[in-house]
Every structure is written in structure tokens, then in C-alpha cells.
Amino acid sequence: MLITFKEAAEKIKAANKILITAHIQPDGDAIGSTLALMQMLRDLGKEAQIFIDDTVRKNLHALPHFEEIRRPKDGEKFDADLIIVLDTSLDRIGNVSKLTDAPILNIDHHVTNSGEGVELYVEKRAAATCEIIFKLAGELDAQITPEIATCLYTGLATDTGFFQFSNTRAETLAAASKLITYGVSPHFISEQLEKKSLAEVRGLSAALNSLKMFYGGKVAGMFINHETAKTFDSTEGFIDEIRVIETVDVAFLITEKAPKVCRVSMRSKGVNVAQIADKLGGGGHIRAAGCTLKTTLDEAEKILVKAIGEAL
Ligand code: AMP
Ligand code: MN
Ligand code: MN
């Protein structure tokens, strides 16, 4: 069920013990928005705790209060009167849903989130969930400390490819500008986020070597098998290296995270890849979307290339 921004804010105001979560395979927006909201709520005198049911790529560990994020243990329970799910629909929060039966408030910016069976405030125009949390700070009268600003800026920067993608709006840059006046150091965040391990750069090299073109050059794909994938923790940015090929409309990367678990990332310059991902059980945005295919790498390639072909 869709609710308004004001209704979402009222629910937060009425709650006192709040569990915050975001999607598995968390990115800068998932970690930035949860950390920012946790600090805002604590400053307002509420109890707030983040649980995320996954490991987090190293670059994001430098964010303020990162060490307080917990991962649910088997059979663990957590006493809360509200769960806030950020930056995803409910199907990607892993075992966090088992921690409590508290009512759920979902805040997101993904076009594929329809809010089935949950109270959802979705702002599809927002470049990042962090853009919504920035606005929420105003509504809740929460002060934006330099630490909160750093978390929010990280989400804005990562979801917009450092303010380059088509989701970058005047409001996004206005928010980023305000955050800098609140104490963000953009170069510190960029330097943290651009760091890669040697294994990751070697992985990028292997991925580029696997490049295949389809449909007369309109589609470009890269592949990372499990053997290579297990040597590093993130493929962030890999796909951007082939998205730039001038003939390409859709770029994809398939990473075999575990045997028969293939994670798909897609980027486009026109085609609605959210629709393709949605059909394959995933989701995302018109120009950036993903899904997970539980098959071999070869099979995943066949399924994906066919689905993209149908959409072209
Ligand atoms: P990525 O390629 O991982 O950067 O993801 C691109 C966009 O698609 C992000 O907004 C993700 O949240 C979304 N996305 C990726 N994988 C999935 C999935 N399995 N289900 C739903 N959305 C996804
Ligand atoms: Mn995200
Ligand atoms: Mn996001």
C-alpha cells in the first residue's frame, strides 16, 4: 500500500524502538541511508539499530558508525516497535524479517517496488534513498551532523555514479551542496570509494577479457566465473567500462557468486532494463537493474541474452 511522505514521517515520529535494514549485497545508498537514519533517530532520543543480512564491501567500512551494523544470527529476536526497510522491496532483506513481528515501513526509490503487502513511501524520481532521508531530516526536525551528512552524500554519489547518471536532478545536487555545507568532504568519500584490492583489479581485467558482443553491437556482456569471483568482494564499476562502447545500448555483467548462483547487473542508454530484470525475478531502475539467476554461467547468459533481445 502506498503512503505519503507525511504519513511515513508520522509513523517514524510515533515509534520509539526502531529496527532499520536495507537490501542484501548492500551498496553505498543502502549503507549510507541506514547509517544516516540510525544516527538521526538516536539524536531524536529514539532507540535505533541496523541489521543487514550480508557482508559489506570494504570501501564502505569507513563510514561513521559502520561498526554498529549487525547481522542477524540464527534464531535471534529483536524487540522493536517499527521496522524501516530502506532502498529495496521486502524480498531482499534476508533473515532480518525473522527478527521481529513489528509493523514495517518501507522507504524506497526503485520503480519496480510496488509496495505489495507493506506500507511503502516510494519516490521514484529520487536519485537515491539518501535523497529521501535528507528530506526526511527536515520533516523530523533532525539535525544533520557532519557524520550524518557523510553517510547521505555517499548514497547520493554512489547511486548517481558521482552525479553523472540520468537520475541526477537539480534536487540531487542541491542536497549534495547542502551536505557539503554541513561538513562533508567530497574528496575523502571519493578516495574511500575508489579503492580497489589488487584481486579486484585483476578480476576487472579477467572480466574485460571475457567481453562478448550481441545483436550487432547493441549489447555487450562480461562474465566472471566463481573461481575468479571468490577472490574479491565487489564488482562495483566494472560494468561502466563496457557501457561506454559507442554502439552499446545494453551492457551486462554476470558474476557467478556461488555455483549456480549468477548475479546479473545491467545498464542501458535507452532500453528499460528494470522491466527485463523484473521479468527475471529482480528489479531496479530504468537504466540500472539486476537480478539473480540460479543456473550455470552458460545458462544464465542464454536466458539473459534472449530476454534482452526481446526488449530491444
Ligand atoms: P547493480 O547492478 O548491483 O548496481 O544494481 C543496479 C540496480 O538494480 C540497483 O538499484 C539494485 O538495487 C537493483 N537490483 C540489482 N539486483 C537486484 C535484484 N536481484 N532484485 C531487485 N533489484 C536489484
Ligand atoms: Mn541500493
Ligand atoms: Mn538506491
Side-chain angles (χ1 to χ4, degrees), residues 23 25 27-30 87-89 91-92 108-116 122-129 131 155-169 172 204 207-224 234-257 261-312:
H23 57 85
Q25 290 152 355
D27 50 25
D29 193 28
D87 199 41
T88 180
S89 44
D91 52 336
R92 296 181 70 215
D108 191 13
H109 69 127
H110 287 92
V111 292
T112 45
N113 191 343
S114 57
E116 239 172 62
V122 63
E123 198 170 314
K124 296 179 178 174
R125 277 161 39 89
T129 299
E131 202 179 302
L156 292 182
T158 51
D159 264 23
T160 58
F162 284 83
F163 310 103
Q164 292 184 61
F165 299 157
S166 59
N167 57 353
T168 308
R169 304 180 294 155
T172 319
L204 172 61
L208 287 170
N209 268 320
S210 75
L211 175 66
K212 273 197 204 171
M213 303 300 293
F214 305 88
Y215 303 112
K218 288 201 194 89
V219 177
M222 295 195 295
F223 309 85
I224 302 176
S234 170
T235 55
E236 188 84 32
F238 285 21
I239 196 168
D240 298 318
E241 302 292 335
I242 60 168
R243 183 179 56 89
V244 297
I245 300 172
E246 54 195 4
T247 58
V248 164
D249 187 340
V250 179
F252 69 81
L253 168 68
I254 310 181
T255 309
E256 192 183 19
K257 296 291 283 184
V261 181
C262 288
R263 205 180 128 48
V264 175
S265 276
M266 284 184 278
R267 298 291 183 271
S268 107
K269 294 179 191 148
V271 171
N272 184 344
V273 286
Q275 220 164 46
I276 302 171
D278 203 23
K279 272 191 202 153
L280 299 175
H285 311 282
I286 291 167
R287 293 197 160 123
C291 60
T292 297
L293 297 172
K294 297 203 163 139
T295 60
T296 61
L297 204 49
D298 283 346
E299 193 56 33
E301 173 183 341
K302 281 191 201 126
I303 293 167
L304 185 64
V305 170
K306 181 162 175 276
I308 295 172
E310 284 162 6
L312 281 176

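Everything quoted here is computed from the prediction, not taken from an experiment.
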Practice problem: Under the side chain to side chain contact (heavy atoms under 4.5 Å, CB included) rule, what do Val264 and Leu253 come out as? Steps first, then yes or no, please. | Solution: CA-CA 6 Å; Val264 175; Leu253 168 68; over 6 Å; no

Exercise. Starting from the C-alpha separation in whole Å, work towards a yes-or-no answer on side chain to side chain contact (heavy atoms under 4.5 Å, CB included) for Ile308 and Phe214.
Key: CA-CA 10 Å; Ile308 295 172; Phe214 305 88; over 6 Å; no

Practice problem: I would like to know whether Val271 and Val250 meet side chain to side chain contact (heavy atoms under 4.5 Å, CB included); could you show each step before the answer? | Solution: CA-CA 7 Å; Val271 171; Val250 179; 3.8 Å; yes

Quiz prompt | Candidate pair Val219 and Val305, rule side chain to side chain contact (heavy atoms under 4.5 Å, CB included), full reasoning | solution = CA-CA 8 Å; Val219 177; Val305 170; 5.8 Å; no

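Of all the heavy atoms in Gly283 and Thr112, the pair that sits closest is CA-OG1, 3.5 Å. What you find for Ala220 and Leu211 is that their closest heavy atoms are CB-CD1, 4.0 Å. Between Glu241 and Leu208, the shortest heavy-atom contact is CB-CD2, 4.0 Å. Across Asn113 and Thr88, no two heavy atoms sit closer than the pair ND2-O, 3.6 Å. Heavy-atom minimum distance, Leu280 versus Leu304: CD1-CD1, 3.8 Å. The minimum heavy-atom distance linking Ile286 with Val111 is given by the pair N-CG2, 4.3 Å.
Residues Asp87 and His109 have side chains that bring a donor and an acceptor to within less than 3.5 angstrom of each other. Inspection of the Arg287 and Ser166 side chains reveals an N or O donor paired with an N or O acceptor under 3.5 Å. Side-chain contact check for Asp91 and Ser89: at least one donor-acceptor pair (N or O, by modelled atom type) lies under 3.5 Å.
Here CZ of Phe223 is found 13.0 Å from CG of Asn209. Values are rounded to the nearest 0.5 Å. One finds the CG atom of Asp159 at 5.5 Å from the NE2 atom of His285 (value rounded to the nearest 0.5 Å). Here the CD1-CZ distance, from Ile224 to Arg263, works out to 11.0 Å after rounding to the nearest 0.5 Å. Taking CD1 from Ile242 and CE from Met213, the interatomic distance works out to 8.0 Å, rounded to the nearest 0.5 Å. The CG atom of Asp249 sits 11.5 Å away from atom CZ of Arg243, with the distance rounded to the nearest 0.5 Å. Atoms CD and OG1, on Glu123 and Thr129 in that order, are 10.0 Å from each other to the nearest 0.5 Å.
Between Thr160 and Asn167, the closest side-chain pair of non-hydrogen atoms falls below 4.5 Å. A heavy-atom distance below 4.5 Å is found between the side chains of Lys306 and Glu310.
Between His23 and His110, the ring planes lie perpendicular to each other; the angle is over 60°, past the 30° to 60° tilted range.
No donor-acceptor distance shorter than 3.5 angstrom exists from the side chain of Thr255 to the backbone of Lys257, with no hydrogens or angles considered. Side-chain atoms of Thr235 do not come within 3.5 Å of backbone N or O of Phe238 as any donor-acceptor pair. For the pair Asp29 (side chain) and Ala128 (backbone), a donor-acceptor distance under 3.5 Å is absent.
Between Arg169 and Glu131 there is a salt bridge, with a side-chain nitrogen of the basic residue lying less than 4.0 Å from a carboxylate oxygen of the acidic one. Residues Lys212 and Glu301 are paired through a salt bridge, judged by an N-O separation under 4.0 Å between the basic side chain and the carboxylate.
Counting heavy-atom neighbours within 6.0 Å of Lys124 NZ, excluding the residue itself, gives a total above 12.
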